[in-house]
Amino acid sequence: MLFLTLKCVYEFVNRRDVNRHKEMINFELKNISKWSSDLFHLIYPNTCLICENELPPSNKFICSFCHNDFNYTYFERYSEPTPLDQLFWGRVSVFSTYSYLYFEKTKSTQPILHALKYGDKPEIGIEMGKLIGEQVKQLSSFQGIDALVPVPIHPKKEFTRGYNQSEKLADGIAEILNLPVLSNYIERTKNSDSQTKKGRFKRWDNVENKFISKNTTNFKHIAIVDDVITTGATLEVIVRILQENNPELRISIISLALTK
Ligand SMILES: [Zn+2]
């Protein structure tokens, strides 16, 4: 009897110790997890790319305030030709065009483009691509596209940047439209000087020999994807080259931003 009583007391004390140990271990684990989460947040803060405010876990890259502040073109609502359609009038025959945002230096589009091009943030290209894809999906003029062709950047630039920003946009659009991305369909042949101080015609000369595409394609309708369109000179050359090799090919244009 005495033995049994002692055994019960021993087991009770032992179990209580085990439970206390378990609680202590859980407490330590919780603390470690909190510390590591704080540390992770310190190294990789989840902040909005534009206003740099902290993002809720459900948001990626851009907060809802900045989202509402986007400089939208609203081209999806146009029944008449858009300024982007008009940009190619008398230059090349383009089937359909779309740009998601207007680019103005003082507006919210600039930090997006900056982050995409120089901020080592390929993810933002994919995210913006998905947003563009959602819009293009609803446009009847973009139905029946067979493939997306990103505007290439020079291989040296791609090596330094680690990615081609237009290809990342195309990847995001492709995810929504379920299309192939033809990354090597057009090649860039030489690195051009900065084009910003040159006039439109000089720029055209400068751009003319930069691209080659000897490929013919069985696709009927492709969309070229660009990050930002200013004069349209680069796209004009690419469209010409593609149409020389494939006279029947329908070519459309999709860009993240159009300079206003
Ligand atoms: Zn923000």
Side-chain angles (χ1 to χ4, degrees), residues 33-78 82-84 87 97-139 142 148 150-151 153 157-158 160-179 181 194 196 223-230 232 253-260:
S33 147
K34 192 182 173 308
W35 292 332
S36 57
S37 155
D38 288 350
L39 188 67
F40 184 83
H41 191 80
L42 203 67
I43 302 168
Y44 303 105
N46 191 25
T47 53
C48 172
L49 282 168
I50 297 168
C51 66
E52 297 187 336
N53 283 328
E54 195 164 342
L55 286 171
S58 55
N59 277 51
K60 264 187 178 177
F61 309 114
I62 295 159
C63 74
S64 16
F65 293 108
C66 290
H67 227 285
N68 292 336
D69 201 35
F70 270 173
N71 200 6
Y72 294 108
T73 60
Y74 296 111
F75 285 171
E76 63 277 9
R77 300 181 189 172
Y78 276 54
T82 68
L84 185 55
L87 188 67
T97 73
Y98 181 76
S99 184
Y100 186 54
L101 303 173
Y102 273 121
F103 173 62
E104 282 177 278
K105 283 203 168 145
T106 49
K107 296 278 176 82
S108 59
T109 312
Q110 192 184 26
I112 300 171
L113 284 167
H114 196 270
L116 178 60
K117 278 175 128 171
Y118 311 110
D120 192 22
K121 291 201 165 66
E123 320 86 273
I124 196 170
I126 295 170
E127 292 302 312
M128 295 307 293
K130 286 186 201 167
L131 296 174
I132 298 168
E134 295 292 352
Q135 296 300 331
V136 169
K137 200 178 178 180
Q138 297 167 35
L139 296 170
F142 281 89
L148 300 171
V151 169
I153 53 171
K157 227 180 218 174
E158 188 164 346
T160 323
R161 191 170 295 163
Y163 58 92
N164 170 3
Q165 69 277 7
S166 296
E167 190 180 332
K168 293 295 153 195
L169 289 166
D171 287 344
I173 301 169
E175 216 175 300
I176 303 297
L177 302 183
N178 200 18
L179 291 173
V181 176
S194 171
T196 46
I224 305 169
V225 179
D226 204 358
D227 55 349
V228 58
I229 301 175
T230 308
I253 286 165
I254 301 173
S255 77
L256 169 62
L258 171 67
T259 305
K260 214 174 185 178

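Remember, it's 1-based here, ligands and their atoms both numbered in the order they're listed.
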Neighbouring protein N, O or S atoms of the Zn ion (ligand 1) [cut-off: under 2.8 Å, no waters]:
C48 SG, C51 SG, C63 SG, C66 SG
Sorted by chain and number, sequence neighbours left out, side chain to side chain donor-acceptor pair (under 3.5 Å) with S255 holds for S99
For K117, what residues pass the salt bridge (charged side-chain N to carboxylate O under 4.0 Å, His left out) criterion, not counting sequence neighbours?
D227
Qualifying residues under salt bridge (charged side-chain N to carboxylate O under 4.0 Å, His left out), relative to E175, sequence neighbours excluded:
K130
Exercise: identify the closest heavy-atom pair between I62 and H67:
CG2-N, 3.9 Å
Assign the ring pair Y98 / Y100 to parallel, tilted or perpendicular, where the plane angle (0 to 90°) is split at 30° and 60°.
tilted
Give me the one residue out of N71, T73, V228 that meets side-chain contact (heavy atoms from CB on, under 4.5 Å) with F103.
V228
